[in-house]
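Remember, predicted model here, so these are calculated numbers, not experimental data.
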2 protein chains.
Amino acid sequence: MRDEKFCSSNCPFTRAIGTIGNKWKPMIINVMGTRSIRFGQLDAIIPFISRKVLTEQLKELEEDGILERIAYKELPPRVEYKLSEKGLAFLPILEAIKVWQRDFEAIEGAGNLADVGDLIPHQ
Amino acid sequence: MRDEKFCSSNCPFTRAIGTIGNKWKPMIINVMGTRSIRFGQLDAIIPFISRKVLTEQLKELEEDGILERIAYKELPPRVEYKLSEKGLAFLPILEAIKVWQRDFEAIEGAGNLADVGDLIPHQ
DNA sequence: ATTAGTGGTTACCCGCCGGTAACCAGAACC
DNA sequence: GGTTCTGGTTACCGGCGGGTAACCACTAAT
């Protein structure tokens, strides 16, 4: 869900967080990337999400101009989603988050390796 | 709250979202910036947050190595928080989000201006 | 004696987020 | 006639996120 109090703030950063500041929207944008993708594919690829929540999040992303929804009048129905210019402009930010995570996880990972070593029985 | 399912994913991006993918943590990191700041100041500056939630979020951020907590043994107590190297490395990402928001909000704003123009009666 | 100031912690409890399951259209296939 | 495929929508309901308020320690000031 969007946070209405945040979205109506006079601070641009707060508005941005109110718009995309939950766990699903960055996941969806990241999975979409530069391709067109169908609802069923998103449902299959994104871990743990339910169809109900996916529908909600996609609708909000469309309302916020981050993606475009194209419904083909076929049977069975076919709907494709693709990022708008605004959504595409967000991808570099998600890439930066990946780099950030990996850079500083390597440091923590060193600690975990030590823990694994501790599992080897000592004599 | 952290999302444990996300945090234990084998995908680095998913883990990152599980760690900082809520609305409060980006807000806190952004407000802290490069300075040291006290609990009471954070409580006063960050809009709508309760002390309970602020306490929780600060604890998790410390556990995740994003900030450092320094408690001075004084009376009345004084506690200062400052971003770690990992937290500081996240600031450019938040800056990019601000730029992104402003860039594409201007376009939406232009649309609104057009609507206002339509309110002028035509002859 | 009491109040203020600081940084919490804890118990209580309401609201609503979100999961589950059922249902829909309408053609194609067996 | 029944089943499958697709992209939803809706009703129902349990769990828990998070707000509120009370409480704590300890000193200085009034």
Side-chain angles (χ1 to χ4, degrees), chain A residues 1-7 9 14 17-28 31-32 35-64 67-83, chain B residues 1-7 9 14 17-28 31-32 35-64 67-83:
Chain A
M1 294 289 288
R2 267 193 230 97
D3 186 303
E4 298 304 335
K5 288 201 299 296
F6 275 40
C7 287
S9 162
T14 303
I17 295 301
T19 306
I20 46 86
N22 70 38
K23 61 183 181 182
W24 293 120
K25 286 176 183 169
M27 284 291 296
I28 293 171
V31 164
M32 293 183 69
R35 59 182 159 172
S36 288
I37 190 167
R38 302 179 60 173
F39 180 84
Q41 290 179 288
L42 287 170
D43 186 31
I45 294 173
I46 298 174
F48 310 117
I49 201 168
S50 72
R51 299 165 74 82
K52 178 187 175 185
V53 172
L54 180 55
T55 302
E56 287 172 1
Q57 300 295 312
L58 287 172
K59 191 186 296 179
E60 291 183 3
L61 286 169
E62 191 195 357
E63 288 171 1
D64 292 330
L67 59 77
E68 290 159 19
R69 183 191 133 108
I70 305 135
Y72 296 88
K73 299 187 169 112
E74 300 175 357
L75 279 165
R78 183 162 63 99
V79 181
E80 296 201 337
Y81 295 90
K82 60 192 279 285
L83 293 180
Chain B
M1 294 288 287
R2 267 192 231 97
D3 186 303
E4 297 304 335
K5 290 202 298 296
F6 274 40
C7 287
S9 162
T14 303
I17 295 301
T19 306
I20 46 86
N22 70 39
K23 62 183 181 182
W24 293 120
K25 287 175 182 170
M27 284 291 297
I28 293 171
V31 165
M32 292 183 69
R35 60 181 158 172
S36 288
I37 190 167
R38 302 179 60 172
F39 180 85
Q41 290 179 289
L42 287 170
D43 187 30
I45 295 173
I46 298 173
F48 309 118
I49 201 168
S50 71
R51 298 166 73 81
K52 176 187 176 185
V53 171
L54 180 56
T55 302
E56 286 172 0
Q57 301 294 313
L58 288 172
K59 191 185 295 178
E60 290 183 1
L61 286 169
E62 191 195 359
E63 287 171 1
D64 292 330
L67 59 77
E68 291 159 19
R69 184 191 133 106
I70 305 134
Y72 298 88
K73 300 187 168 107
E74 301 175 356
L75 281 165
R78 181 162 63 99
V79 182
E80 295 201 336
Y81 296 90
K82 59 193 277 285
L83 293 180

- Per the end-axis method with five pairs at each terminus, what is the bend angle of the helix from dA1(C)-dT30(D) to dC30(C)-dG1(D), to 10°?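 Axis-to-axis angle, ends of the helix: 30°.
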
- Task: Please list, chain by chain and in numerical order, all residues satisfying ring pair (Phe, Tyr, Trp, His ring centres under 6.0 Å) with Phe6(A), sequence neighbours excluded.
- Result: Trp24(B)

Within this structure, what is the [atom1]-to-[atom2] distance between [X] and [N], rounded to whole angstrom?
X        : N       : atom1 : atom2 : result
Asp3(B)  : dG17(D) : CG    : P     : 10 Å
Asp43(B) : dG19(D) : CG    : P     : 11 Å
Asn22(B) : dC16(D) : CG    : C1'   : 15 Å
Ile46(B) : dG7(C)  : CD1   : P     : 14 Å
Glu80(A) : dG7(D)  : CD    : C1'   : 13 Å
Lys5(A)  : dG18(D) : NZ    : P     : 11 Å
Leu58(A) : dT6(D)  : CG    : P     : 17 Å
Phe39(B) : dT6(C)  : CZ    : P     : 12 Å

- Can you name the closest pair of heavy atoms from Pro26(B) and Ile17(A) and give their distance?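 Looking at all heavy atoms of both residues, the shortest contact is CB-CD1, 3.7 Å.
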
- Query: Which is true for Tyr72(A) with a 4.0 Å heavy-atom rule: it touches a base, it touches only sugar-phosphate, or it touches nothing?
  - Reply: nothing

- Message: Run the side chain to side chain donor-acceptor pair (under 3.5 Å) test against Arg51(B) and tell me which residues pass, sequence neighbours left out.
- Response: Asp43(B)

- Message: Glu63(B): which residues meet the side chain to side chain donor-acceptor pair (under 3.5 Å) condition with it, sequence neighbours left out?
- Response: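 By the side chain to side chain donor-acceptor pair (under 3.5 Å) rule, Glu63(B) matches Arg2(B).
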
- Query: Which letters describe nucleotides 16-23 of chain C, given B = protein heavy atom under 4.0 Å from base, S = only from sugar-phosphate, - = neither?
  - Reply: -SBBB---

- Check: Leu83(A) and Leu61(A) side chains under 4.5 Å, non-hydrogen atoms: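 The answer is no, as the side chains (C-beta and beyond) never meet within the 4.5 Å cut-off.
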
- Query: Heavy-atom distance under 4.5 Å between the side chains of Lys23(B) and Asn22(A), does that happen here?
  - Reply: no

- Item | Side-chain donor or acceptor of Glu60(B) paired with backbone N/O of Gln57(B) under 3.5 Å |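 Looks like no, no N/O pair under 3.5 Å.
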
- Message: Quick one, Glu80(A) with Lys82(A), criterion salt bridge (charged side-chain N to carboxylate O under 4.0 Å, His left out). Give me CA distance, side-chain angles, the key distance, then yes/no.
- Response: CA-CA 7 Å; Glu80(A) 296 201 337; Lys82(A) 60 192 279 285; over 6 Å; no

- Query: So, is Arg78(A) near the phosphate of dG7(D), with a side-chain N or O under 4.0 Å from OP1 or OP2?
  - Reply: no

Contact list (N/O, under 3.5 angstrom) for nucleotides 2-5 of chain C vs protein:
none

